[in-house]
Amino acid sequence: MPGFAYAPGSLLTVEHLSIADVAGIITTTARLERMEAAERARLLVRRTIALLFYESSTRTRTSFELAAKSLGATTTLVSDKSSSIEKGESLKDTGLTLRALGAEAIVLRHGASGAPFLLARTTGLPVLNAGDGMHQHPSQALLDLRTILNRLKLTGHVNANILHGITIVIAGDILHSRVARSNAMLLPRLGAKVILCGPEAFLPEDALGLGAGIEIERDFDRALQQADVAMMLRIQKERLADGGSNGNGLDLAEYCARYQLSGERLAAFAPTALVLHPGPMIRGLEIADEVADGPQSAIEEQVGHGLAVRAALLVRALGVAA
Ligand code: CP
């Protein structure tokens, strides 16, 4: 890790992960899944993990919590809505308080990009970034990777070529998406071609600077024709300049006509592609019901892989061999 030495086991950005780290996390995930429940529940017994959430979450919060409990850990949830954060307590002081109460690792979701770095620096604890602003969502990229590997039956050891020949289209509101950013920075390092697709307002040209192996294609149908995997993203109304009150002046009907993954579009341009969505989905906007619930969709499987991968990340954070 470059610069400041964050506590081993921290996961702040996919940029800090070597290919060997990614391979290790995927291997540990599989090992934990195969383990008897009783054996697994001994791994983190008498260990304490804090879940610190400043933004809403269903999948990430619940899967980290259930994963921690399945490993025998004690968890505590602190939300900005029902804690002294409401009274103005800072992130630093909240972290130091959790550490004083015995937390050995903190899972943090925060609206400000970079907040997990601050928390890791001020507490010295392993911090797992559960999504920071428009910056990173590294555990989501890892669970997306595992879903792709499993569905495409890429069973070999993870290496820099494991996704060679695979094209992944990420479509929708790329600009505001930490999921897009983490995936676009991780998947090409494993050999994938990543095509970003969306209108200029949601996909500025400088997205190409995320790294090698990334292309931009504005025409969704043309992008889909190349796709082995189509990852759909919702419009992040909460991050729009106008607070989402009128969708930033977006013509939703036009957006849907150009970028909605409908059953008709999928059948015409990507009849065998795997469909992913990190959730939450806005059905009828970026994705149609028949696609979300259809045979090409692995959206529910993604949630399951989230539980599995996050168990491996917690074990790694607390330095336990599994
Ligand atoms: N994918 C994701 O981060 O979902 P949640 O906001 O529900 O955690």
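Remember, it's 1-based here, ligands and their atoms both numbered in the order they're listed.
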Which of the atoms in ligand 1, numbered in the order shown and given with their element, are less than 4.0 Å from a heavy-atom of [X]?
{"X": "Thr60", "result": "2 (C), 3 (O), 4 (O), 5 (P), 8 (O)"}
{"X": "Gly279", "result": "1 (N), 2 (C), 4 (O)"}
{"X": "Thr58", "result": "5 (P), 7 (O), 8 (O)"}

Original post:
Closest non-hydrogen protein atom to atom 4 (O) of ligand 1, residue and atom name please, with distance?
Top reply: Arg59 NE, 3.0 Å
**OP:** Considering heavy atoms of the protein only, find what lies nearest to atom 6 (O) of ligand 1 and give residue, atom and distance to 0.1 Å.
**Re:** Arg109 NH1, 2.8 Å
Subject >> Sub-3.5 Å N/O-N/O distance, Ser57 and ligand 1 >> reply: yes
Original post:
Is atom NZ of Lys69 surrounded by more than 12 heavy atoms (other residues, nucleotides or ligands) closer than 6.0 Å?
Top reply: yes
Subject >> Glu89, CD atom: more than 12 neighbouring heavy atoms under 6.0 Å >> reply: yes
Would you mind writing out the side-chain donor-acceptor pairs for residues 193-211 within the sub-3.5 Å range, not counting sequence neighbours?
| residue | atom | partner | partner atom | Å |
| --- | --- | --- | --- | --- |
| Lys193 | NZ | Gln226 | OE1 | 3.2 |
| Glu200 | OE1 | Arg218 | NH2 | 3.3 |
| Glu205 | OE2 | Arg218 | NH2 | 2.9 |

**OP:** Answer with yes or no whether Glu55 contacts ligand 1, where contact means a heavy atom under 4.0 Å from a ligand atom.
**Re:** no
**OP:** Run the contact test for Gly131 against ligand 1 with a 4.0 Å cut-off on heavy atoms, strictly below, and give the result.
**Re:** no
**OP:** Fit a plane to each ring of Tyr6 and Phe117, take the angle between them on a 0 to 90° scale, and name the class: parallel (under 30°), tilted (30 to 60°) or perpendicular (over 60°).
**Re:** perpendicular
Subject >> Side-chain donor-acceptor contact under 3.5 Å, Arg47 with Thr74 >> reply: no
Original post:
With a cut-off of under 6.0 Å to the ring centre and 45° to the axis, is Arg109 in cation-pi contact with Phe53?
Top reply: no
Subject >> Residue selection (non-hydrogen contact nearest atom 1 (N) of ligand 1) among Pro278, Gly306, Ser139 >> reply: Pro278
